[in-house]
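Take a look at the structure set out below.
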Amino acid sequence: MKINKKALIIILICLGLFILADVVLALVFMNKKGNTQKLGIATENPAVVEEFIYCNSEAKNSFIKESSRAQYEFSNNQRIILGSSFEKNSNAALVIRVGLSLSEKQAENFQNKNIAFEYGFFTKQDGQSNIVIKADETSLLAFNQTEGMAVIDFSLAFAKKPNGSIQIPDGFYVSSDCECRIISAYIGEAVIGFDLSSEVPFFGYSSNGGYFDNSFKDFDFTGGSLIFAPQNTKIGFMPDFIIKLSDKTEHLSTLEKSIFVKLNVGGEKIKVKNVAAAKELTVPTATFKDPFTRVEISENRVCVEGILMKNPSNYADAKNYVNEVIIPVRTEPGLILDWNVNNWRNKDYELYEWDRFPGILYFDTRNYTVQDNFFRRLAFFAEKEGYKGKLLTNEELGSMHGFNALDYRPETFADFFNLAAKTKFQLNPEELLLKKILLKNGLLIADGEFVKPGAGAVVSISQESYSSLRWQLVAHEAWHTLFFIDEEFRNFVAAVYYTMDPLSLEFLIDYFKSQPQLGYDTKDDYLMKNEFMAYLLQQGVGNIGQYFVNHANWGTVKAFTPYLCDYVIRTNGAGFEEAGVILNDFIFDKYGLIAGNIALISRN
């Protein structure tokens, strides 16, 4: 039988359209009925997903119709996984990914109506099989939903009961006024707050719940007191606030105009500078009197993409050190100087790490005596003219003082501790503790009985220095640490050093020579570039010229180099200011920092 070619083509097209329509109808059916894949969580083997126990048909289909509820029960193995997570992190959370969709009628009226969504844990009372929802263990989330489907991650955490026991929920439930599809679930650490920076928005709560809307001008963190440590100890930390910032050009600071986000945390105010170089900043809650409260964004809300409360990344590691402060508190340097000494984990010192530059450690000591116990012998070994390369005994050190502030790189520490090991030199307890801290934090690497340099740098200041001097010292020493860790910065500093006004540079070298108490080795080219940079950047650009004019008027400096003093005074320190402007442009582009201020967060 001969088939007409044209008719055959028509038949094939119709068949194709029929198949396409069948696929479309199947997809629509699947979307309405929800996720056909069974819902569960990964076990110890990530490739194996253990299903929840389904308590009703909505749970089995992972699809919730309008004004209905899905209920899931944890298996015994899942409860064990939840308990293990709790033991490791001192908290645990169940995160579910939900697809929410409004009907056309709901979408038209969404501005006038809150669409209720509820996600909470449940427990069985007295071994009864019926499910009982406890009011104090539910989380009611009210939100405004824009038109169409939205995928959102919701995290709900549970914590210890007041008596210290762990109350692991028996299961969880989800209910919604609009159609809702539960896409996935997993167990993780507790995180409270919101994050709009990724494709899927995140909202985290403790088991007492909370609310959110689409203004995101504030968030209630009172539930954090149920989940996280209430105070810093030697073996554990209070949680951090992680502040996520917008990188849109119109929201970013420039050298000419600074843009600050202002936050109110239980009545205490801080301001956060938004710069391109810092998408995310860490604020330890220990810096506030009452962090478990409502946090309000009082200015430049559009710059904030998220505020999260979570345990520090080194929280679990801190549990291994019971008697010594070895693990640093990660924070922004602007918060260190105003830190409440009563919150220190050790009465003699507190240890911090620059949140944006891993391995840069800050020691703040109770007084110069404590600081000297840690660093005095090292200061003479590394810097003091006439003593460099020597390990002085306590008797030889006598009453001599090291420095009021100091900075060192791993190579210096390695030379110091290796010489002590080679010569069997007896170090004091603080120096041995220092070595342990450096090894633990990667600045030194064990190599048999010796050590190798790792990565990072150390800054030390003391509470004995008065407040304004501490600010200047921290700025000065912080620039040294960036010089240590960043080759690009070192190369740029060298280029400015060799091309700046030669008479101004000659004056700086003579100034160092005229002040023997500084103890600088002016023949050390690396040291001179490092100090040149730090002396310029320790104050604002507008003050650089006058700073060196003031030093040129010192009697001891004039007596040593009168011609160059007259030159600096006559030119108003212009050579230094010009070099400072060039360096300032670089550090703002690279780090988001400016001369005279290494802080992006400060008390308002």
> Does the gap between the ring centers of Phe363 and Phe374 come in under 6.0 Å?
Replying inline: yes

> Is the NZ atom of Lys248 crowded by more than 12 outside heavy atoms at less than 6.0 Å?
Replying inline: no

>> Using salt bridge (Lys or Arg N to Asp or Glu O under 4.0 Å), reason through Glu449 and Lys424 one step at a time and then give a plain yes or no.
In response: CA-CA 11 Å; Glu449 64 176 312; Lys424 309 298 181 184; 3.7 Å; yes

> Please walk me through it: do Gln463 and Asp364 pass side chain to side chain donor-acceptor pair (under 3.5 Å)?
Replying inline: CA-CA 7 Å; Gln463 292 283 319; Asp364 197 357; 2.8 Å; yes

>> Any carboxylate oxygen within less than 4.0 angstrom of a Lys/Arg side-chain nitrogen, looking at Lys279 and Glu305?
In response: yes

>> The test is ring-ring contact (aromatic ring centres under 6.0 Å, His included); show your working for Tyr526 and Phe483 and say whether it passes.
In response: CA-CA 10 Å; Tyr526 182 97; Phe483 187 88; 5.3 Å; yes

>> Students often mix this up, so state it plainly: with edges at 30° and 60°, are the rings of Tyr497 and Phe532 parallel, tilted or perpendicular?
In response: perpendicular

> Distance-only, no hydrogens or angles: does the Asn343 side chain make a donor-acceptor pair with backbone N or O of Ala286 under 3.5 Å?
Replying inline: yes

>> Which residue is it: Leu564, Val568, Val557? I am looking for the one with a side chain to side chain contact (heavy atoms under 4.5 Å, CB included) to Tyr511.
In response: Val557

>> Taking NZ in Lys310 as the centre, count heavy atoms belonging to other residues, nucleotides or ligands within less than 6.0 Å. Is the count above 12?
In response: no

>> Rounded to the nearest 0.5 Å, what separates atom CD in Glu189 from atom OG in Ser313?
In response: 9.5 Å

>> Rounded at 0.5 Å granularity, tell me how far NZ in Lys513 sits from CG in Asp521.
In response: 10.5 Å

> For the ring pair Phe221 and Phe288, is the centre-to-centre distance below 6.0 Å?
Replying inline: no

> Can you check side chain to side chain contact (heavy atoms under 4.5 Å, CB included) on Phe548 and Phe507, steps first, answer last?
Replying inline: CA-CA 9 Å; Phe548 286 97; Phe507 166 81; 4.2 Å; yes

> Can Tyr368 and Ser465 be said to form a side chain to side chain donor-acceptor pair (under 3.5 Å), step by step?
Replying inline: CA-CA 8 Å; Tyr368 292 143; Ser465 297; 2.8 Å; yes

> Does the ring centre of Tyr352 sit less than 6.0 Å away from the ring centre of Tyr362?
Replying inline: no

I'd like a table of donor-acceptor pairs (distance under 3.5 Å, sequence neighbours excluded) in which one partner is a side-chain atom from residues 412-420, with atom names and distances.
residue	atom	partner	partner atom	Å
Asn418	OD1	Val451	N	2.8
Asn418	ND2	Ala414	O	3.1
Asn418	ND2	Val451	O	2.9

> Which residue pairs pass the side-chain hydrogen bond (donor to acceptor under 3.5 Å, both in side chains) test with at least one member in residues 371-380, sequence neighbours excluded?
Replying inline: Gln371-Ser460, Asp372-His401, Arg377-Asn394, Arg377-Glu431

> Salt bridge check: are Arg603 and Glu268 linked by an N-O gap of less than 4.0 Å?
Replying inline: yes

> His551 vs Tyr547 aromatic rings, parallel, tilted or perpendicular, using cut-offs 30° and 60°?
Replying inline: tilted

>> Taking Ala190's backbone N and O only, do any of them form a donor-acceptor pair with Asn91's side chain (distance below 3.5 Å, no angle check)?
In response: yes

> What distance do Leu505 atom CG and Asp501 atom CG have between them, rounded to the nearest 0.5 Å?
Replying inline: 8.5 Å

> Does Val304 offer a backbone N or O that forms a donor-acceptor pair with the side chain of Arg301 under 3.5 Å?
Replying inline: yes

>> Let's go through Tyr535 and Phe512 carefully: what are the C-alpha distance in whole Å and the side-chain angles of both, what is the deciding distance for ring-ring contact (aromatic ring centres under 6.0 Å, His included) to 0.1 Å, and is it a yes or a no?
In response: CA-CA 11 Å; Tyr535 271 81; Phe512 291 152; 5.2 Å; yes

> Parallel, tilted or perpendicular: which describes the rings of His480 and His476, with under 30° parallel and over 60° perpendicular?
Replying inline: perpendicular

Side-chain donor-acceptor pairs under 3.5 Å in residues 575-594, sequence neighbours left out?
residue	atom	partner	partner atom	Å
Asn584	OD1	Ala595	N	2.7
Lys590	NZ	Asp486	OD1	3.3
Lys590	NZ	Asp486	OD2	2.4
Lys590	NZ	Glu488	OE1	3.0
Tyr591	OH	Asp486	OD2	2.7

>> Please evaluate residues Glu383 and Tyr408 with respect to the criterion side chain to side chain donor-acceptor pair (under 3.5 Å), reporting the C-alpha separation (whole Å), side-chain torsions for both, the decisive distance (0.1 Å), and the verdict.
In response: CA-CA 10 Å; Glu383 297 184 73; Tyr408 294 112; 2.8 Å; yes

>> Using the rule given for side chain to side chain contact (heavy atoms under 4.5 Å, CB included), can you reason through Val302 versus Glu250, listing the C-alpha separation, both sets of side-chain angles and the distance that settles it, and then say yes or no?
In response: CA-CA 10 Å; Val302 293; Glu250 63 270 26; over 6 Å; no

> Is the shortest side-chain N to carboxylate O distance from Lys217 to Glu296 below 4.0 Å?
Replying inline: no

>> Under the criterion side chain to side chain contact (heavy atoms under 4.5 Å, CB included), I'd like the reasoning laid out for Tyr387 against Glu396: C-alpha separation, chi angles, the key distance, then a yes or no.
In response: CA-CA 11 Å; Tyr387 300 99; Glu396 290 171 323; over 6 Å; no

>> Can you tell me how far apart CE (Met500) and CG (Leu503) are? Round to the nearest 0.5 Å.
In response: 10.0 Å

